[in-house]
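Lettering follows sequence order; numbering is per chain, from 1. Any value given below was found using the heavy atoms of this structure, including those in side chains, with hydrogens, waters and symmetry copies removed.
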Number of protein chains: 2
Amino acid sequence: MASLVVSRKDQIIQVAADLFKIRGYEATSMRDIAQQLEIEAASLYHHIKSKEEILEKICFSMADQFLTGIEEVNDIYFSAEEKLRMAIKSHVRVLTGNLSKSTVFLHEWRSLNGEKLIEFKELRDKYEKGFKTIIQDGINEDIFDDVDLKFAVLSVLSSVNWIAEWYRVDGGMTADEIANRISDFVMGGLRKKLVTDPHFKG
Amino acid sequence: MASLVVSRKDQIIQVAADLFKIRGYEATSMRDIAQQLEIEAASLYHHIKSKEEILEKICFSMADQFLTGIEEVNDIYFSAEEKLRMAIKSHVRVLTGNLSKSTVFLHEWRSLNGEKLIEFKELRDKYEKGFKTIIQDGINEDIFDDVDLKFAVLSVLSSVNWIAEWYRVDGGMTADEIANRISDFVMGGLRKKLVTDPHFKG
DNA sequence: CCATATGCCTAACAAATGTTAGACAAAAAT
DNA sequence: ATTTTTGTCTAACATTTGTTAGGCATATGG
């Protein structure tokens with residue numbers, strides 16, 4: 001079943017993700033996807049149940065990766081700052097690891113319907129909660145400013161998520177370099193302003 | 001022509017923007033828009049030329065507002081920090097002033113075609129350049145860290161743009177409050193780390 | 001060597017899409 | 001009072017959409 005070579009189904013999903021990223025889910029037709037694979041649209045249905053199944057597979061597989069990352073970080077005992085840096089690193093790695101799928105995860109999930117949509121939103125909230133926990137830890141540890149929690153989380157998530165809008169694989173920055181710079185940046189906004197050394201770089 | 005009461009055309013565009021924000025441009029049909037106005041789809045065409053014209057009107061009117069804001073800021077002589085705070089304030093005001101249209105401006109512009117798409121991208125680049133100028137000023141003035149310019153701009157824009165994802169009119173925060181908090185936050189990431197006073201709040 | 005599974009094809013479908021044409025009523029302008 | 005404008009309607013259109021049915025070929029496994 002699962003093998004080293006990419007299954008046809010996975011190929012379809014990846015190609016679909018690439019198109020969804022560029023044109024959006026609704027603007028991408030099954031014939032567009034098929035054309036990219038040089039087959040007919042009807043042939044896709046021997047591998048997938050429906051167009052929406054493709055979207056579900058993308059959204060939930062990414063949700064899974066993002067969640068796994070932050071859960072691992074929260075399981076380990078570390079300082080809040082260390083945790084936040086690790087969480088950001090994990091996030092950027094997942095995101096840059098599959099940019100197309102990540103973009104779909106971030107923007108196209110609203111095309112999900114019914115139970116799947118509810119389920120997805122729950123996972124998304126769970127992920128936000130993971131960051132919230134870390135920042136709350138930081139406030140408790142007196143490391144971070146006592147900023148409004150929700151606001152801080154949103155600021156952090158906005159910084160990391162916007163990467164999907166501008167990151168290019170050949171842009172010269174590795175995932176970890178980006179993660180470090182973002183960490184420095186948001187840390188500057190969160191950390192207690194006690195610094196004396198002008199060359200301090202966090 | 002232009003009057004105090006909202007023209008039918010403007011009503012259509014506003015209703016369309018609201019739907020585009022929720023479901024996306026492609027997923028919103030002319031019949032959806034018509035239904036919201038309690039008329040038939042065909043009736044829309046006495047006011048607008050095409051579905052895409054609606055999208056164009058939304059995208060370019062918002063681009064105009066955002067650009068006007070930052071140009072005003074850059075015309076005035078002020079410190080870079082002051083300018084950045086003003087630019088952020090202007091941005092948040094425009095954004096919260098019409099959340100639906102702003103969201104369309106941020107996410108649905110890719111459904112534009114041909115010349116209009118190119119034109120729009122130019123305006124968008126021009127806006128980014130406005131922020132870039134401010135931050136460059138700050139670096140020259142030795143107020144901001146010598147961060148990579150492009151990276152800093154993207155960080156700032158990510159912070160302000162993500163607001164569209166979570167801001168609710170009844171959420172208890174005014175536009176200016178949000179602007180101030182974001183300013184504090186990004187300033188923490190940009191400003192030279194020379195602070196000694198632990199109660200310093202920028 | 002045969003049976004089965006895999007992967008693709010053509011053809012077709014019902015539904016939904018953006019849009020046009022032409023008619024009719026009410027309001028505004030002359 | 002009559003013309004013009006404005007705003008809507010019904011009806012229809014060509015196209016595109018996601019999807020299904022059924023068939024044919026190649027590879028796989030007994």
(request) Indicate for each nucleotide in nucleotides 21-29 of chain C, in 5' to 3' sequence, whether protein heavy atoms under 4.0 Å reach the base (B), only the sugar-phosphate (S), or nothing (-). (result) B--------
(request) Check the distance between dT6(C)'s P and Lys9(A)'s NZ and give it to me in whole angstrom. (result) 13 Å
(message) Need one value for Arg8(B): base, sugar-phosphate or nothing, where a base atom within 4.0 Å counts as base even if backbone is also close, heavy atoms only.
(response) sugar-phosphate
(message) Is the terminal nitrogen or CZ of Lys116(A) (NZ for Lys, CZ for Arg) located under 6.0 angstrom from the six-membered ring centre of Phe60(A) and within 45° of that ring's axis?
(response) yes
(request) By nearest nucleotide on DNA chain C, pick out whichever of Ile39(A) and Ala41(B) is the more 5' one. (result) Ile39(A)
(request) Quick one: sort the Trp109(B) and Phe120(B) rings into parallel, tilted or perpendicular, breaks at 30° and 60°. (result) parallel
(message) In this structure, how many angstroms lie between the C1' atom of dG7(C) and the NE2 atom of His47(A), rounded?
(response) 6 Å
(message) Is the phosphate of dA16(C) approached by Ser29(B) (side-chain N or O, under 4.0 Å from OP1 or OP2)?
(response) no
(request) Using atom CD1 of Ile48(B) as one end and atom P of dT6(D) as the other, report the distance to the nearest whole Å. (result) 17 Å
(request) To the nearest Å, give me how far apart CD (Gln35(A)) and C1' (dC9(C)) are. (result) 16 Å
(message) Can a side-chain donor-acceptor contact be found between Gln36(A) and Asp18(A) if the only test is distance below 3.5 angstrom?
(response) no
(message) Contact between Asn98(B) and Ser100(B) at the side-chain level, heavy atoms closer than 4.5 Å - yes or no?
(response) yes
(request) Whole angstrom is fine here: how far is it from CG in Asp32(B) over to P in dA16(C)? (result) 11 Å
(request) Find the distance Arg31(B):CZ to dC13(D):C1' and express it as a whole number of Å. (result) 11 Å
(message) If you compare every side-chain N and O of Ser43(B) against the phosphate oxygens of dG7(D) (OP1, OP2), does one of them come in below 4.0 Å?
(response) no
(request) Starting from P on dC9(D), measure out to CG on Leu44(B) and report it in whole angstrom. (result) 9 Å
(request) Could you verify whether a donor N or O on one side chain and an acceptor N or O on the other, from Ser183(B) and Asn180(B), lie under 3.5 Å apart? (result) no
(request) Would you verify whether the NZ or CZ of Lys51(A) falls within 45 degrees of the ring axis of Tyr25(A) while also being under 6.0 Å from that six-membered ring's centre? (result) yes
(message) Is it the case that the side chains of Asn161(B) and Glu165(A) hold a donor-acceptor pair, with the cut-off being a distance below 3.5 Å and no angle test?
(response) no
(request) State whether a side-chain donor-acceptor pair under 3.5 Å links Ser111(A) with Glu26(A). (result) yes
(request) Check the distance between dT19(D)'s C1' and Tyr45(A)'s OH and give it to me in whole angstrom. (result) 5 Å
(message) Heavy atoms within less than 4.0 Å of DNA chain C: which residues of residues 50-62 of chain B have one? Give them sorted by number.
(response) Ser50(B), Lys51(B)
(message) Can you tell me if Gln35(A) has over 12 outside heavy atoms packed within less than 6.0 Å of its CD?
(response) no
